[in-house]
There are 2 protein chains.
Amino acid sequence: MSNRRDAVHEILRQSEGFRSAQDVYAEMRAEGAKIGLTTVYRALQALADKGHVDVLRTDDGESVYRACASGDHHHHLVCRRCGRTVEVAGPAVERWAEAVGSEHGFTEITHTVEVFGTCSSCSTAARS
Amino acid sequence: MSNRRDAVHEILRQSEGFRSAQDVYAEMRAEGAKIGLTTVYRALQALADKGHVDVLRTDDGESVYRACASGDHHHHLVCRRCGRTVEVAGPAVERWAEAVGSEHGFTEITHTVEVFGTCSSCSTAARS
DNA sequence: GCGTAAATGAAAACGGTTGTCAAAATCGAG
DNA sequence: CTCGATTTTGACAACCGTTTTCATTTACGC
């Protein structure tokens, strides 16, 4: 049905970290793919809606997407320099969030947790 | 020096939860204050830079600000319905983030953690 | 007062994202 | 296969929050 959507998904699968829509678009065009920016946005939204990719917002308000290996709830450890991303589970955090919430009478607790750092290759490279 | 900045800060102090720039601007104008949108943005940025207010991004990319009681590192438990916000400390989470990071060879770990839920008043009100 | 520096705000610019709409591809009978 | 209906696509314009520009106003030091 949607060859385009699959193409976009494929780009994300081949990526190490989170990618922006424009970023994905640029790469596809560079590879010679015939696709419009609008379609990339639509494909990413659709993939996000169906839970096939994870989305998060950068500090400057851009939406970035990533095809994650795990379909289950997980968090990300992202290298702030190269973008390399590791999926991490955090049972301790889940429990903590739940506890903090109910402690204050809140229900239907959800949470967002992202961890940033400098990965070993980048910190080695930076030692100049 | 800057009466405007203080006025903006004051609005935030009187607010329960996070407020957007436009939101603050609208309220100030409604109160009859003579201020421009640009100045509100500048004041909020300045306050954020100096650490006097906390900033976070909503899912739709808006920046929202809050004058927090604690100057120390803390997280927020936000009611997704009314916006009421509780500041929470999470030593366990800090340690977890640090551990997860170094476990994968990452250094200079930082993290963002926000907890959302429905507060007791809102969940009572919703039982209609 | 008076000159210089900082603050202010209206309007224009910006950048990511979303909407519009007509053309192109796809599908489903017949 | 053919024709019409439906879906997908993409160029372009519209949007919206935010930032920049720049001329004007205000505050400060002397």
Side-chain angles (χ1 to χ4, degrees), chain A residues 1-12 15 17-67 76 78 80 83 85 112 114, chain B residues 1-12 15 17-67 78 80 83 112 114:
Chain A
M1 192 189 286
S2 149
N3 198 4
R4 305 278 146 212
R5 184 166 312 170
D6 293 344
V8 168
H9 200 174
E10 193 49 36
I11 292 286
L12 287 184
S15 303
F18 284 85
R19 311 284 303 268
S20 74
Q22 317 236 22
D23 196 10
V24 169
Y25 171 68
E27 176 167 339
M28 295 183 77
R29 294 304 287 244
E31 284 180 357
K34 181 179 141 303
I35 192 170
L37 182 54
T38 312
T39 305
V40 173
Y41 273 106
R42 272 195 290 242
L44 289 172
Q45 272 169 211
L47 289 167
D49 284 351
K50 292 189 180 164
H52 296 143
V53 303
D54 283 7
V55 198
L56 60 87
R57 289 262 179 185
T58 64
D59 283 342
D60 55 312
E62 238 182 333
S63 294
V64 287
Y65 305 82
R66 181 170 196 271
H76 302 106
V78 184
R80 68 167 62 82
T85 298
T112 67
E114 304 297 336
Chain B
M1 193 188 284
S2 150
N3 198 4
R4 305 279 150 213
R5 184 166 312 170
D6 293 344
V8 168
H9 200 173
E10 193 50 36
I11 293 284
L12 287 184
S15 303
F18 284 86
R19 310 283 304 267
S20 74
Q22 317 236 21
D23 196 10
V24 169
Y25 171 69
E27 176 167 339
M28 295 184 78
R29 295 303 288 243
E31 282 179 0
K34 181 179 143 306
I35 192 171
L37 183 53
T38 312
T39 306
V40 173
Y41 274 106
R42 273 194 289 241
L44 288 171
Q45 272 169 211
L47 289 166
D49 283 351
K50 291 189 179 162
H52 295 143
V53 303
D54 283 8
V55 199
L56 60 87
R57 289 261 179 186
T58 64
D59 283 342
D60 55 311
E62 239 181 331
S63 294
V64 287
Y65 305 82
R66 182 169 194 273
V78 184
R80 68 167 63 82
T112 67
E114 303 298 335

Please step through side-chain contact (heavy atoms from CB on, under 4.5 Å) for the pair B:Arg57 and A:Asp59, ending with a clear verdict. CA-CA 8 Å; B:Arg57 289 261 179 186; A:Asp59 283 342; 5.7 Å; no
Roughly how many Å is it from [atom1] in [X] to [atom2] in [N], rounded to a whole number?
| X | N | atom1 | atom2 | answer |
| --- | --- | --- | --- | --- |
| B:Leu44 | C:dT8 | CG | C1' | 15 Å |
| B:Arg4 | D:dT25 | CZ | P | 15 Å |
| B:Arg19 | D:dG17 | CZ | P | 15 Å |

Taking C-beta and beyond as the side chain, do [X] and [Y] meet within less than 4.5 Å on heavy atoms?
| X | Y | result |
| --- | --- | --- |
| A:Asp6 | A:Glu10 | no |
| A:His52 | A:Leu12 | no |
| A:Val8 | A:Ile35 | yes |

Please tabulate, one pair per line, each protein N/O and nucleotide N/O from nucleotides 11-13 of chain D that are separated by under 3.5 Å, including the distance.
unit_1: D:dA11; atom_1: N6; unit_2: A:Thr38; atom_2: OG1; d: 3.1
unit_1: D:dC12; atom_1: N4; unit_2: A:Thr38; atom_2: OG1; d: 3.2

Consider side-chain contact (heavy atoms from CB on, under 4.5 Å). Of B:Val55, B:Thr58, B:Leu44, which one does B:Ser63 pass it with?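 Exactly one option meets the side-chain contact (heavy atoms from CB on, under 4.5 Å) with B:Ser63, and it is B:Val55.
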Taking only side-chain nitrogens and oxygens of [X], does any of them come within less than 4.0 Å of OP1 or OP2 of [N]?
| X | N | answer |
| --- | --- | --- |
| B:Tyr41 | D:dT18 | yes |
| A:Gln22 | C:dG15 | no |
| B:Gln45 | D:dT19 | yes |

Residue from B:Arg29, B:Gln22, B:Glu27 passing side-chain hydrogen bond (donor to acceptor under 3.5 Å, both in side chains) with B:Tyr25: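 Per the side-chain hydrogen bond (donor to acceptor under 3.5 Å, both in side chains) rule, the option paired with B:Tyr25 is B:Arg29, out of B:Arg29, B:Gln22, B:Glu27.
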Look at the aromatic rings of A:His76 and A:Phe18 and report parallel, tilted or perpendicular, splitting at 30° and 60°.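 Taking A:Phe18 first and then A:His76, their aromatic rings stand perpendicular (interplane angle over 60°).
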Picking from D:dG10, D:dT19, C:dG9, which would you name as closest to the side chain of A:Thr39?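 Nearest listed nucleotide: D:dG10.
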Which residues in residues 57-65 of chain B have at least one heavy atom lying under 4.0 Å from any atom of DNA chain D?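 Result for residues 57-65 of chain B: B:Glu62, B:Ser63, sorted by number.
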Verdict with supporting geometry, A:Arg5 and A:Lys50, side-chain contact (heavy atoms from CB on, under 4.5 Å): CA-CA 12 Å; A:Arg5 184 166 312 170; A:Lys50 292 189 180 164; 3.7 Å; yes
